[in-house]
Number of protein chains: 2
Amino acid sequence: MASVSRVLNGLPATEEMVERVQRAVEQLGYVPDSRARSLKVGRTFQLTLAVADVGNPVYVTMMRAVEEVVSAAGYRLVVTTTGPDVVDEVALVRGMARGYADGLVISPLRVDDDLIKSIQECEVPVVVAGNVPARAGVDTVRANSPKGMLLAVEHLLAKGRRRIAFVNGPVDTVPGAARAKGFAEAMKANGLQPVAEVEAVDFTFPAGREAGDELFSKLDNRAPLGLDAVIAANDLLAVGLMHELAARGLVVPDDVAVVGMDDSELAEQSFPPLTSVNLGSAERGRRAAELLLARIEDDTRAPRRIVVQPTLSVRKSTP
Amino acid sequence: MASVSRVLNGLPATEEMVERVQRAVEQLGYVPDSRARSLKVGRTFQLTLAVADVGNPVYVTMMRAVEEVVSAAGYRLVVTTTGPDVVDEVALVRGMARGYADGLVISPLRVDDDLIKSIQECEVPVVVAGNVPARAGVDTVRANSPKGMLLAVEHLLAKGRRRIAFVNGPVDTVPGAARAKGFAEAMKANGLQPVAEVEAVDFTFPAGREAGDELFSKLDNRAPLGLDAVIAANDLLAVGLMHELAARGLVVPDDVAVVGMDDSELAEQSFPPLTSVNLGSAERGRRAAELLLARIEDDTRAPRRIVVQPTLSVRKSTP
DNA sequence: GTGAAAGCGCTAACAA
DNA sequence: TTGTTAGCGCTTTCAC
């Protein structure tokens, strides 16, 4: 009956009708089917957030921020994991055509032309939390990695550390590439040469440990501890690295200072608490969600590219 | 056209028809609408996992396990967060009647009669990863907290620690209540009296620090450090506590041994690495997912109640 | 093996 | 203001 639908959607009806419907709904425990509804009205009132790895605490921060904005606007947020492969990301974006949600926030680890194409062709609005080329013409919210690296390097410099090594994640990823570029620039701008650079296999804790090990095998030929500071591309790598340092009897920050990136919950949980570059993951999440909502309202707006500026959260891992 | 549907669903068709459809699909980029499909067939091929707090690493482990089982069975997993309030959990369960998914795995932090009722009345099968009364008649997979506590206490005892304190989470939660009971039993079974017990406001890192602080204010009246070991109700509390210990100049494990629970990724990431009771979160996730799939196949089966046995992961936070 | 047609549960347009 | 009806996009009879 159409009157039920009207009452439930708050459209005009007699007081008596409203009451009659409410009683029936109560009695039968009736709940409208969202699939049928969305099939009819063309909207699901659900939004999807896709992240590469739920184990990475930076996504926790982002997720919370997105959830907040989105639920305040009356949407349900569903989170899915893509894994590290770009093909799975593409599959997910393509899959949005099945009508799972009204929009998508995706934070892709790797980007290729297929992914960009799938985003451009996507049935529903997509906002990228990360860096895609401007020519892609999609809404993006990204961090300023170079600026973040500058904060890290200059902080270390101010603390008298000049022999700086760098533990990056895979450079074929979006953040990996950005960090590599940013680190090189920041070092150059300060007239420094990196003591060593290693590339971890991914952005996880165990990869950080392994990268630490590799770092030392590279340095073994050098003078008595050729480094006094390490910058890691994210907090998980930084913490893995600190474990490797400890295993070698080195004290953070006395022997080696460590700076992470993301300023995730892990940074304050680690010991010593980790000085970390806050790349604004909460704000990026918030802005991405807002962009998505705006895009859903008006699909003709010109794509926006928002850059969130970093800050440095100084903790005990640097002197 | 019905033939398209047949081809796409692998029903018998001429080779020519198959090819014709495939070409058209390719050309138009056609993707079937899952809402319309599920409206017709009555299944969404989606499953929901609801957790209280995405920031708790124990859920990461569980999520991964559920995801693996579920996707192998051809289902899509969507994750939603409920928050700590039981009313939101109830709302989520009730909301499943809207047809979001074919089943639900929920790991409730707090359980009341409303929640049990909503689960019993739920339109789709629900598996509880946690403890609900047997009379509820629902599939459950739960940990054996008492046994886990026994492992923790006996391990400490074997290491010569007898002055044991306990940092629990809120006792009005399912895990909080189970831990409290388990701790009391385990201590009693070994003829020990707890040195002190505190109840954190929730199961988070900052709550662990505060609880540590409270612990010391309780102990100040006692002999020179009245305790030599602390058991925490989960890893986040344990890590928070360790920070508080460090802030007071105490060394783990030399001065105070610490045992956590959950054996999450955080346990190995923390420093020193945390000895932790593995309550089988991965296995619980796996079993819960399997139970859900089985229940979807056959809704007449008697409810099963699976208990996963704990093990102890010994690391450096105990001597 | 294929096309036509009904219908899943809802809402928007129309008529009363 | 309310009831009737069509149709969202799909699958599944049912004839052919």
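Throughout, a chain's letter reflects where its sequence line sits, starting with A, and its residues are numbered from 1.
- Taking atom CZ of B:Arg37 as the reference point, atom C1' of D:dG9 lies 12 Å away to the nearest angstrom.
- With no hydrogens or angles considered, a side-chain donor-acceptor pair links B:Arg179 and B:Ser145 at under 3.5 Å.
- Per the geometry, CZ belonging to A:Arg98 stands 12 Å off C1' belonging to D:dC10, to the nearest Å.
- You'll find that the side chain of B:Val41 is closest to D:dT12, out of D:dT12, C:dG9, D:dC10.
- With C:dG3, D:dT12, C:dA12 as the choices, the nucleotide that has an atom nearest any side-chain atom of B:Arg20 turns out to be C:dG3.
- Straight-line distance from the CZ atom of A:Arg35 to the C1' atom of D:dC8: 14 Å, rounded to whole Å.
- Ranking C:dG3, C:dC10, C:dT11 by closeness to the A:Asp33 side chain, first place goes to C:dC10.
- A:Arg305 CZ: more than 12 foreign heavy atoms inside a 6.0 Å radius.
- If you measure from atom CG of A:Leu11 to atom P of C:dT11, you get 10 Å, rounded to the nearest angstrom.
- Evaluation of atom-type donor-acceptor distances gives a pair under 3.5 Å for the side chain of B:Arg6 against the base of C:dG3.
- Using a 3.5 Å distance cut-off with no hydrogens or angles, the side chains of B:Arg43 and B:Tyr75 do pair a donor with an acceptor.
- Within the nucleic acid shown, B:Ala2 comes within 4.0 Å of at least one base atom, counting heavy atoms only.
- Around atom CD of A:Glu19, no more than 12 heavy atoms belonging to other residues, nucleotides or ligands sit under 6.0 Å away.
- Distances shorter than 4.0 Å separate some side-chain N or O of A:Ser3 from OP1 or OP2 on D:dG3.
- The nearest whole Å value for the distance from the CZ atom in B:Arg43 to the C1' atom in C:dG9 is 19 Å.
- When the nucleotides D:dT12, C:dG9, D:dG3 are ranked by their closest atom to the side chain of B:Ser5, D:dT12 comes out on top.
- Between B:Pro12 and B:Leu39, the one whose closest nucleotide on DNA chain C sits nearer the 5' end is B:Pro12.
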